[in-house]
Protein chains: 2
Amino acid sequence: MNKEFHQLENNIAGEGFLPGLAVDTVIFGFHDNQLKVLLLAYKNTGLYALPGGFIHDNEDVNEAARRVLQSRTALTNIYLEQFYVFGNYSRYDPGPLKAIMQARGYNPPADHWLLKRFISVGYYALVDFTRAIPTPDEISDSCDWYSLNELPALMQDHQQIINKALETLQNELDQKLIGFNLMTEEFTMGDLQSLYETILNKKLIRAAFQRKMLGLGILERVAKKWTGGAHKAPYLYKFVSNRLPADNS
Amino acid sequence: MNKEFHQLENNIAGEGFLPGLAVDTVIFGFHDNQLKVLLLAYKNTGLYALPGGFIHDNEDVNEAARRVLQSRTALTNIYLEQFYVFGNYSRYDPGPLKAIMQARGYNPPADHWLLKRFISVGYYALVDFTRAIPTPDEISDSCDWYSLNELPALMQDHQQIINKALETLQNELDQKLIGFNLMTEEFTMGDLQSLYETILNKKLIRAAFQRKMLGLGILERVAKKWTGGAHKAPYLYKFVSNRLPADNS
DNA sequence: CCTTATTGTATCAATTTGTTACAATAATAA
DNA sequence: TTATTATTGTAACAAATTGATACAATAAGG
């Protein structure tokens, strides 16, 4: 969804957009030792949904996802990757979009392009929670972070999309060095370990974790962090370079 | 492409199909210690292409890929997975399909659905070379195996699709236990090691490889194989169960 | 029955990972 | 000032995994 929903709505044939194809983006953040995802609440409908959008007919699909990500977070240069195409016929359900349009006082014709079957390309993004500026679109009441373990009821198969995104993140966390994208600029080793433990949903051994992370040679010690606690102050670390995937679609 | 290409061709608006979306399948096989992919040669055009097809408007996308795989190999119950969506605008090139239709004596109107921009969902399949029956479709001269290192010039971005499929296979070979899908029913440890070495493009240590494979507990010794060579006969192994991914799209 | 090439596996070394321990050190209180 | 406390950084060792080498077992063929 972008800010010009009335344009999509009145554009009954969907001119200028790829028909039947959308992107949905699972935007992960990390805060208060919890994994969060960004969700939109649709006006009057009680429905929650992933940030998604349609693809301009002269736009790269990956670019469309990046545009969606940017319009909901005001962030650029973010870790963003495809993870799955949701293309089962059983997910075809024009109900939600119809309800949204009707709640706006618009009664779409039966052959309206937005009511046709859509295939969705799933993306996941890893963002710095503190830098994202959640921004609702024209048809949503809110754009907010929700903890993964207390999500509201979601539109269509968006819960499954989130589940699969998390699975992918868990699998790719070790191989690719992508966890850092969820951290703030500076962080302690404890912060980082907490992130890993939350994503992987298991305890890690402190000494081994620290040894491994330092061994990667991608962390730089910046300063010490005096928290006020009655104990040795931890170092603050900085990630030396962003890990963004190459786009070779 | 299916056997009824004239139906696609005369169906100018693409009724019954999802517009602008296709599947392309990189079908891997292993023979003579070489990785092979199945390619189609299009009539009169000198173009080679991956087996691909369109999606019925009431069909799961994954099912469409499975249908394509089955129609080109006569195989069912095959390891088949999505690996990437190729959706860059720059890949839009109606030339090849136009050439194919014209070579058939059909001059398509400019707004023919097959000449519009297509997004392609990439799949890769791992098949037993000896069981596949390469089957051309109506518009191709041949359907044949080609060694990965001596591929003919390919249509559009199909070479890139193959490259990315191979990358994915290399990355997933260790984690998931999928290499066995490329073997014949019975194989020696040497055969299996040769497969791994070919896919990963590096030498492996014989003793360690054997120890690891046996340690997985998924191989069963069937018999010995007397090759006629002047040396100890290797065991023949069988894979205990097919490794097919769950379909949760 | 001796030679030859290859297989299956044992053995030990090297590396990586798991575990425990302990010194270093900020705050606080005696 | 000096103990006390909690947490961090890292050393030290154990356990597990992987790399490398060696060697016995064994099908052919002479």
Report task. Output yes when A/Arg131 and A/Glu185 qualify as a salt bridge under the 4.0 Å nitrogen-oxygen rule, no when they do not. Result -> no

Query raised in the report: A/Tyr237 OH to D/dT10 C1': how many Å, rounded?
Result: 10 Å

**Report entry** Rounded distance (nearest 0.5 Å) linking atom OG of A/Ser120 with atom CD1 of A/Ile161
**Finding:** 5.0 Å

Requested in this report: Kindly indicate whether the side chain of A/Arg211 and the base of C/dG18 share any N or O donor-acceptor pair separated by less than 3.5 Å?
Outcome: yes

Query raised in the report: For A/Lys232 and D/dT4, what is the distance between atoms NZ and P respectively, to the nearest whole Å?
Result: 21 Å

**Report entry** Residues from residues 186-201 of chain B lying under 4.0 Å of DNA chain D - heavy atoms
**Finding:** none

Query raised in the report: Do B/Asp24 side-chain atoms and B/Gly122 backbone N/O form a donor-acceptor pair below 3.5 Å?
Result: no

Query raised in the report: Hey, are B/Lys203 and B/Glu197 close enough for a salt bridge, meaning a charged N less than 4.0 Å from a carboxylate O?
Result: yes

Query raised in the report: Atom CG of A/Leu236 and atom P of D/dG9: how far apart are they, to the nearest Å?
Result: 10 Å

Query raised in the report: Angle class for the A/Tyr124/A/Phe28 ring planes (parallel below 30°, perpendicular above 60°, tilted otherwise)?
Result: perpendicular

Query raised in the report: What pairs of residues pass the ring pair (Phe, Tyr, Trp, His ring centres under 6.0 Å) test when at least one of them lies in residues 193-221 of chain B, not counting sequence neighbours?
Result: B/Tyr196-B/Phe209

Report task. From the options C/dT7, C/dA10, D/dT10, select the nucleotide whose nearest atom is closest to the side chain of A/Leu214. Result -> D/dT10

Requested in this report: May I ask you to verify if any side-chain N or O of B/Lys212 is less than 4.0 angstrom from the OP1 or OP2 atom of D/dT18?
Outcome: yes

Report task. Round to a whole Å and report the spacing from CD1 of B/Ile205 to P of C/dG8. Result -> 17 Å

**Report entry** Between C/dT6 (C1') and B/Gln210 (CD): distance, integer Å
**Finding:** 11 Å

Query raised in the report: Salt bridge between A/Glu81 and A/Lys176, side-chain N to carboxylate O under 4.0 Å?
Result: yes

Query - Atom-pair distance (CZ on B/Phe209; C1' on C/dT9), nearest Å - result: 16 Å

**Report entry** Interatomic distance, A/Arg206 CZ vs D/dA11 P [rounded to whole Å]
**Finding:** 13 Å

Report summary line: Taken to the nearest whole Å, OH/B/Tyr235 to C1'/C/dT6 is 14 Å

